[in-house]
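What follows is a set of notes on a single structure, which appears directly below.
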Amino acid sequence: MLLHIPDVIEREQVVQMRAALDGALWTDGRETVGAQGARVKRNQQLPDTSPLRRQLGQTVLSALAKHPLYHAATLPLRTLPPRFNRYEGGGHYGFHVDGAVMALPVDAGQLRSDISCTLFLSEPDDYDGGELIVSDTYGEHEVKLPAGDLIVYPSSSLHRVQPVTRGARLAAFFWVQSLIRDDSRRRLLFELDTSIQTLTRSSADAAAVLQLTGVYHNLLRRWAET
Ligand SMILES: O=C(O)CCC(=O)C(=O)O
Ligand SMILES: [Fe+2]
């Protein structure tokens with residue numbers, strides 16, 4: 001499921017984040033990728049050990065924690081601390097697939113990447129190119145979002161970032177291991193949850209809504225892996 005989650009970070013906070021990133025030290029994005037990715041990756045990233053990465057990463061995680069739509073869509077179990085990237089001067093990232101298993105920091109074990117996330121931090125008018133292209137069984141989807149908005153998509157999909165030919169594209173990116181490994185099951189739960197929320201806000205029969213809520217939790221109980 002490819003889902004656009006708007007307004008994850010407030011505009012004012014995005015402006016502050018961009019100001020901090022503008023003055024940051026950047027390194028070659030190939031440092032955090034395997035041989036397959038390195039052949040096609042041409043961008044910059046904040047070093048993994050950078051205090052700014054930790055600080056801004058915390059800002060992103062706190063914003064996600066307060067976002068009900070993000071939780072309903074991803075059902076997160078583990079999240080890799082966000083990284084930050086920048087594409088400019090033709091920078092791009094060719095078609096690749098994200099690694100399936102990643103190490104969490106400080107002996108916290110590993111994470112299976114179920115969901116890939118890009119949080120756009122530059123306004124679309126401030127750069128040309130830089131579209132995230134996600135390829136799935138329905139074709140190729142082009143994504144370029146306002147600053148502060150998030151796209152989530154299955155880590156199993158091939159994806160790429162188009163060359164940035166004017167300006168700079170800043171983003172945060174991270175991976176989530178979901179309670180629900182299977183994308184189609186996760187989508188069913190999300191759709192059920194969404195309609196339960198809508199019914200709850202309407203004058204729907206309370207007993208029927210309660211029954212549906214029970215179905216949601218019992219499916220989650222059947223499918224969740226912790
Ligand atoms: O910059 C992006 O939107 C995606 C980055 C990406 O695909 C990656 O780092 O694996
Ligand atoms: Fe990727």
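Whatever order the structure lists ligands and atoms in, that order sets their numbers, starting from 1. Remember, predicted model here, so these are calculated numbers, not experimental data. Along the sequence shown, the residues carry numbers beginning at 1.
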Considering only heavy atoms, does [X] approach ligand 1 within less than 4.0 Å through its side chain, its backbone, both, or neither?
{"X": "V33", "answer": "neither"}
{"X": "H96", "answer": "side chain"}
{"X": "W175", "answer": "side chain"}

In H96, which N, O or S atom comes closest to the Fe ion (ligand 2)?
NE2

Of all N/O/S atoms in D98, the name of the one nearest the Fe ion (ligand 2):
OD1

Under a 4.0 angstrom heavy-atom cut-off, which atoms of ligand 1 come close to [X]?
{"X": "D98", "value": "10 (O)"}
{"X": "H159", "value": "7 (O)"}
{"X": "T118", "value": "2 (C), 3 (O), 4 (C)"}
{"X": "V161", "value": "1 (O), 2 (C), 3 (O), 4 (C)"}
{"X": "R169", "value": "1 (O), 2 (C), 3 (O)"}

Can you report which non-hydrogen protein atom sits closest to atom 8 (C) of ligand 1, along with the distance?
Y93 CE1, 3.3 Å

Nitrogen or oxygen atoms of Y87 and ligand 1 under 3.5 Å apart
yes

Plane angle bin for F173 and W175 - parallel if under 30°, tilted between 30 and 60°, otherwise perpendicular
perpendicular

